[in-house]
Structure formats: structure tokens, C-alpha cells
There are 2 protein chains.
Amino acid sequence: MPARQTSKPRARRTPEARPYHHGDLRRVLIDAALQLAAEGAEVSVREAARRAAVSPGAPFRHFPNRDALMAAVAEEAQRRFRAEIEAALGEEPPKGPLERFRAFGLAYLRWAMRNPAHFEIISTGRYFAHGSSADLTRDNTELIALSERMLTDAAEQGLLRSADLKRIQIASRALVYGFARMNLDGHFPRWGIEDGQIERMAEGVIDLFIAGIAQP
Amino acid sequence: MPARQTSKPRARRTPEARPYHHGDLRRVLIDAALQLAAEGAEVSVREAARRAAVSPGAPFRHFPNRDALMAAVAEEAQRRFRAEIEAALGEEPPKGPLERFRAFGLAYLRWAMRNPAHFEIISTGRYFAHGSSADLTRDNTELIALSERMLTDAAEQGLLRSADLKRIQIASRALVYGFARMNLDGHFPRWGIEDGQIERMAEGVIDLFIAGIAQP
DNA sequence: TCTATATGTAATCATTGATTACATCCTTGA
DNA sequence: TCAAGGATGTAATCAATGATTACATATAGA
């Protein structure tokens, strides 16, 4: 059997001999899990360990349990999500709040549709206790606050028909979230072959909503 | 040990001795799984078997695998979902299409919020292959058709501002589905203590949407 | 009544999350 | 410098689950 070399590893290790310690296993496990999810596979601790070429018990040195790993994965995904949305908004020349809201919704949906598995992990609360990660909660809260600020601005500038701001905020979240989840949950039967069609429909839905709340 | 009586079971069985054959195990398994889900537990084949007081292998006489059981569960849940919505619509005195649409959305959300686990099984497509049950697909399709008909009627009666009916239909589905899933996925933090508040917000969101698409 | 079929049981397997005892490495401070 | 001790990985093991197979029993129809 090709058992592990027992020669003193004190000496500089040969190129192919992995060192006993991994380097940054935590990071590698998170990446492996993200990749697993992106491939549409179930995320299992053992498979992540396998991809990191490490024993099945090793991950538990970094995460007390599977949920903690998933929470870390969600944290990373949420970070990327937020970064991409803010980047998209940053590219925009300054416009009115409703135009910014439109850009926000589009960036949100584009990311959700291009990273469905990661969006699912972020949003579902099925993989770990809600609020178990402060970072995740913060990123999420700030994204929501960002979008709500746009609507508040719009209201202050008299751009909205209704005075019930809270209602508009919730409805807008429900609309965008619902569209993302419909895509995720397989409610867009065929047209998914090339995603352009779904993204165009996302745009149309957002425009319809904005037209509905905007002062005529 | 209180091992099973080996006396010839040919004779009429004593009251407490369960007969070898169960009666309607398939049905009982589905009900057990529905109940498990409603309790917020994971639905496992074995636990369903346990509740049916039957061996762990028995369910596989009725369902080729776990997914098939979940599909049957979804079928039953979808049947109830549709029945309740149609019942709610039946109670309504005949009104305009937008009023009917409003009643539809409310009935939809009320059921989704009162049966979150069942709604999840129906809608997610994570528990079994989409389209694996003809009945489920049919019930779902007809619900969608029902709601779309209301919007079509509204359009024909000149009640809508926009001519893009398809867009309105998708947006309305996204809105209602999104609200239901936000509740399901834990995006309504505190106010859930008594559901009345969420149901009122659901009502408000639907009204906002209808006001947005209706001809002023 | 006799037999084919449907339905349940017992035993077993592979996979997974998790824990425990042990091995190895790395850092720190005397 | 180097030994102590914490951090990190391994090996072995456990319990739960989905699934399969061989076998047992009940039921229906000729």
C-alpha cells in the first residue's frame, strides 16, 4: 500500500508531499463548498473535505458543525452579492432615486439569476440559524437599507403616488425577491435556455412596478 | 421480551395486535409526512414509517424512493391549496376581475402563511423533480390560469393601464410568491408573533400592486 | 382450496454528520 | 535554544438515513 511516508518530515518536504498542516483549510473548505453549490450538488462536509484533500473530521476543527460551514459560505456569498450590487450602482452616473432603484433591482436580479445556488444559500435560512452570522446580517441589512433609502428619497422628492412608504418598500422587496426565487425554484419553464430572455423580463417587471408607484 | 405472538393469526386478531397488512399504508405515510413537515421537522422516510408503526423498508413498497413520497405529499398539499383558494373565491359574490384578483391573492397568501411547510414543499422543487406528478402540475397550472384569467378579463374590460399583459401576470406572480417566500424564509423578523400583522401587510401589498396596474 | 401477487419484515449496505483519542506541527517564553 | 502547550490534522468509531435483498405473510381470484 502506498502508505504515507514516515521519513522525518523535518526536512523540506518534497513537492508532492502535502504538509501535515494545510495552510488555510477554513478558506479552502468555504471555497470548495461554494463550488459544490455552484455545481448544483448537495453541499456535504465530507465532500468539501475530500476536495480539500483532507480527512473527514478535519473540517470540524474549523466549524463546530455543518450549519456553521454553511453560514460561513453564506457570509462569503452575501459579501460578493453586496459588492457586485454596489459596484453596479457605482458605475451609474448620478440620477434620480427611482432610476437608482431600477439599477439596484436589475443588479440584484442579475446576480441572483447568475448565481442561483449562492443566492439560495443566502436567502433561505434553511441551512443555518437566521442571524447566526453578524457579518451576513450586516451585509444583508445594509443592502435592504440601501434600497429603502432610494425609495425614501423618492418619497421626499414627491416622486411617489402613495404616502405609505413602508408598504412600498415591502412590496418592492417581495417583487424582486419573488422574481429571483421563481427563477430559482423552477417556475420559469422553458425560456431559460438563454438567460437573456429572463433578464429582459426581470427588467420589464421592475419597470412595471416603478411605473405603478411613480407619480404620473 | 414482548415478541410478536406467533400463535396462528388465522383467528380473528386481538384488538391490539396490528394485522400484518396495514390497510392503507400509502395514505398513512403521506399523512405522517405532512404532519412531520407541519411540525417543522425534517421529513424522513424512516420517521414516517415509525409513525405508521411499520418497518423502515415498508414505505419502499409504495414509493420507489424518498422523492416519490415527497412528490405525493406535494400533490396532496397542492390539492388542498387549490381547494381552499377556489372555496374562498366561491364564497365571494360576483365582482369585477380586479376584486376577484385581490381575493385570489389574499387567499393564496393566507394559506401560504398558515401552512408554511406545505407551501414550501409545493413550491420549491427541491424535494422532487419538477413535473414528476401530473396531478400536481395540473393543479398548479390551473391555479395560475385562474389568476391569469382574471387579469385578462381586466384587460379586456379596459381596467388596466398597461397593455403588456404578460408582464403584469409575471409581476403579480412574483409579488405574491415573493411575499409568501419572504415569510417562509424568515425575512419578516419580529412581527410574526401574531400573524394578523403579516396578513394585514399582505393585504396592503396586494392593494398597492393593484392600484399600480389599474386604470386611474 | 390453491396459488400468484401484493405487502410487510429482517438484515444489510453506503453515505453522512459528529465525536473521541491520538499524532503532528507551530509558536512562545523561560 | 528548546520544551511546553495550543492548534490543527488523522483514524476509528457511532448513530441516523436512504436504499436493496431475501424472506414471510396476507389477500384475491381461478
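The chains referred to below are lettered A, B, ... by the order of the sequence lines, with proteins before strands, and numbering in each begins at 1. Side-chain atoms are counted along with the backbone in the values below, which use heavy atoms only and exclude waters and symmetry mates.
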Query - Parallel, tilted or perpendicular: ring planes of Phe188(A) versus Phe179(A), cut at 30 and 60 degrees - result: tilted
To the nearest angstrom, the CD-P distance between Glu42(B) and dA15(D) comes to 21 Å
| Between the main-chain N or O of Asp67(A) and the side-chain N or O of Asn65(A), is there a donor-acceptor pair closer than 3.5 Å? | yes
note: Leu29(A), atom CG; dG17(C), atom P; distance rounded to Å ~ 12 Å
Notebook entry, point to check: Within the structure, does a side-chain N or O atom of Arg50(B) lie under 4.0 Å from either OP1 or OP2 of dT17(D)?
Noted result: yes
- May I ask you to say whether Glu84(A) pairs ionically with Arg80(A), meaning some side-chain N is under 4.0 Å from a carboxylate O? no
How is Ser44(A) classified with respect to the nucleic acid when contacts are heavy atoms under 4.0 Å: base, sugar-phosphate, or nothing? sugar-phosphate
Check this for me: does any side-chain nitrogen of one of Arg27(A) and Asp31(A) sit under 4.0 Å from a carboxylate oxygen of the other? yes
In whole angstroms, the gap separating C1' of dC25(C) from CG of Leu25(A) amounts to 15 Å
| Carboxylate-amine/guanidinium contact Asp164(A) Arg167(A), below 4.0 Å | yes
In whole angstroms, the gap separating C1' of dT17(D) from CZ of Arg46(A) amounts to 13 Å
Contact check, residues 59-70 of chain B vs DNA chain C, heavy-atom distance under 4.0 Å, returns Arg61(B), His62(B)
Can you find a pair of side-chain heavy atoms, one from Leu151(B) and one from Ser172(B), that are under 4.5 Å apart?
-> yes
